Amino acid sequence: MAERRRKRKKDPLRAYILRKQIFALFFLFGVFGYAGLNAWYGGDVWVETVRESLAEGISLQTVPDTVAKTVSALDESIIGSMYGRMEFIETYSYIQVLLDKREFNNFTYIKDEDGYLHYASFFREDTNDAEEYARRLRRLQDYVAADGTKVLFFVTPGKYVRGETNFRTGMPVNDPDTIVDETLFYMNRYGIETVDCRKYIPNEGLSIQDAFFKTDHHWTIPAAFAATQVLVEQMNERFDAGLDPDGFYMDPANYERVTYRQGMLGSMGRKTGANFSGLEDFEALWPTFENRYDRHCMGVTDVTQHFRGVTTESLMDTDALLAHDDIYSDSQYSLYLNGLRPYEHIVNEDNPEGVKIFAIRDSYFSPMMVFLAPMCSELDAIWSLEESHVLDIESYVKENKFDYIIMEIYPYNINGDAFNFFKED
């Protein structure tokens, strides 16, 4: 009798353990099943990612770096190709909205009081060496001086503006101004001509809200046009460049402004989900004049593409305006020069006597290049952060002659990888 009572006492524990075991089996089945689905769904992409990472070759000395690079690239590829990824993100995004959250993914992004997304950071990683960056650009300047080439360092503004951008109490905004100020200090100290675009944008005619996207880290196209006006004015003033002497190309009246409603989801919005960030309008500037260009550019897979024709055929990707059909694949910012290509070589067939410019740049410069192109005979560019074994800024500068070299950089991109040239005297 006592033995039966003891068995009955054990039965609830046995049932509890059985329920846990059944749940564990279903959980593991779900995890491994979903992993298998992803392997089937994105396996080809993963294999191609590994193949590209190993394309440069491998030696005994480069094994650690190559393995680390391959693992990192594979990790990004797996996350990016995850089946149902955006559905997961949008569900999480909607929950954050219901909770009235202003931060996303453990403060990766934060939202200001006007609904604009920003980078967040609780502390600054002091790993930059601004003086060394200035030395490298000075070495480049000294090297090309024999050809009469002028060098200009152009830093763009960031979306966060002290004293004007408002957050809820305690939001840890990532403010790059200290890094920018330090970099400009050393650039000036080493005799590099600089343009601090923070002084010009935003301005009285172009508010913060009009100068930057809510869902993207980029500036808007009207802001890029205003920045091009600043650049042309500064180059004429400092170098007597003679750009656009009649003021035709920098006259806003010679561009048609068209607004595309609620079709823009920027790079930040694609990370947080449209539920959290919302969609926004995209305003494009279309030239009302025609110039013909012969353009060779390189994609991220080192494959060269060729475009030839008027501006809208060669320098502008009109398919980007259809981004609302798949808002998670790209943004309408890619209308200009396909957003960002690691390499650009643009020949203006209608202005053979124009200046030759080489740009060391990031994606902020893409629309500016389209606005600059009519004033140039040739306009070349290399993405400063692109890790391609085909591209080498230092070699390119040594092999080609230009009238001007412009290094354009977005504040959050100021690091050693962006100044990957002339490391030695």
Side-chain angles (χ1 to χ4, degrees), residues 154 156 213 216-229 231-232 249-250 255-256 258 260 264 266-267 282-287 289-323 329-351 354-386 388 390-391 393 396 402 404-410 413 418:
F154 185 93
T156 70
F213 292 110
D216 200 285
H217 65 285
H218 291 111
W219 52 18
T220 60
I221 305 307
F225 184 81
T228 310
Q229 291 176 312
L231 177 62
V232 169
Y249 297 115
M250 290 293 94
Y255 296 83
E256 180 185 4
V258 181
Y260 300 88
M264 172 76 180
S267 57
F282 175 81
E283 186 176 27
L285 272 66
W286 297 90
F289 52 88
E290 289 188 351
N291 289 89
R292 293 190 61 83
Y293 301 97
D294 189 11
R295 174 191 175 203
H296 289 82
C297 61
M298 184 182 294
V300 293
T301 57
D302 297 340
V303 176
T304 300
Q305 293 179 291
H306 181 219
F307 302 92
R308 190 178 185 187
V310 297
T311 306
T312 53
E313 297 171 335
S314 54
L315 306 186
M316 300 176 76
D317 178 16
T318 55
D319 288 342
L321 297 176
L322 303 177
S329 62
D330 202 356
S331 72
Q332 294 177 330
Y333 186 80
S334 294
L335 172 64
Y336 295 84
L337 291 185
N338 309 96
L340 178 61
R341 295 297 174 90
Y343 170 73
E344 295 280 0
H345 175 63
I346 300 169
V347 176
N348 186 344
E349 297 181 340
D350 293 330
N351 188 14
V355 298
K356 294 179 63 176
I357 294 178
F358 173 58
I360 303 169
R361 58 90 173 218
D362 54 35
S363 54
Y364 258 59
F365 209 56
S366 291
M368 289 185 67
M369 287 181 64
V370 176
F371 299 135
L372 272 177
M375 295 169 267
C376 303
S377 61
E378 293 185 25
L379 180 56
D380 293 10
I382 290 180
W383 180 15
S384 59
L385 292 174
E386 169 61 16
S388 172
V390 177
L391 301 173
I393 292 174
Y396 201 81
F402 300 95
Y404 303 98
I405 295 178
I406 302 169
M407 181 167 188
E408 171 276 324
I409 196 163
Y410 172 57
N413 285 339

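Since the model is a prediction, treat every value here as computed from it, not as a measurement.
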#### Entry: Check: C297 main-chain N/O paired with E344 side-chain donor or acceptor under 3.5 Å
no
### Query
For the atom pair CG (L340) and CE (M369), what is the distance rounded to the nearest 0.5 Å?
10.0 Å
### Task
Determine the interplanar angle of the Y333 and H218 rings, folded into 0 to 90°, and report it as parallel if under 30°, tilted if 30 to 60°, perpendicular if over 60°.
parallel
### Between S334 and D330: side-chain donor-acceptor atoms closer than 3.5 Å
yes
### Task
Using only heavy-atom distances, determine whether the side chains of Y293 and D350 contain a donor-acceptor pair under 3.5 Å.
no
#### Entry: Contacts of R292 that satisfy side chain to side chain donor-acceptor pair (under 3.5 Å) - sequence neighbours left out
none
### Message
Donor-acceptor check, side chain of T220 to backbone of F213, threshold 3.5 angstrom: yes or no?
### Response
no
### Query
Got a donor-acceptor contact below 3.5 angstrom from the D317 side chain to the D319 backbone?
yes
### Task
Taking atom types as modelled, find out whether H345 and D294 have a side-chain donor-acceptor pair closer than 3.5 angstrom.
no
### Task
Just jot down the ring-ring contact (aromatic ring centres under 6.0 Å, His included) partners of Y410, sequence neighbours excluded, or say none.
H217, Y364, Y412
#### Entry: Which residues share a ring-ring contact (aromatic ring centres under 6.0 Å, His included) with Y404, sequence neighbours left out
F239
### Query
Any side-chain heavy atom of R341 within less than 4.5 Å of one from M298?
no
### Query
Would you call the rings of Y255 and F371 parallel, tilted or perpendicular, where under 30° means parallel and over 60° means perpendicular?
perpendicular
### Task
May I ask you to decide if G354's main-chain N or O and S377's side chain share a donor-acceptor pair within less than 3.5 Å?
yes
### Message
In the structure I gave you, are the side-chain heavy atoms of F365 and V370 within less than 4.5 Å of one another anywhere?
### Response
no
### Message
Quick check: do I382 and I360 have side-chain heavy atoms less than 4.5 Å from each other?
### Response
no
### Query
Mind checking whether F282 and L335 have side chains closer than 4.5 Å, heavy atoms only?
yes
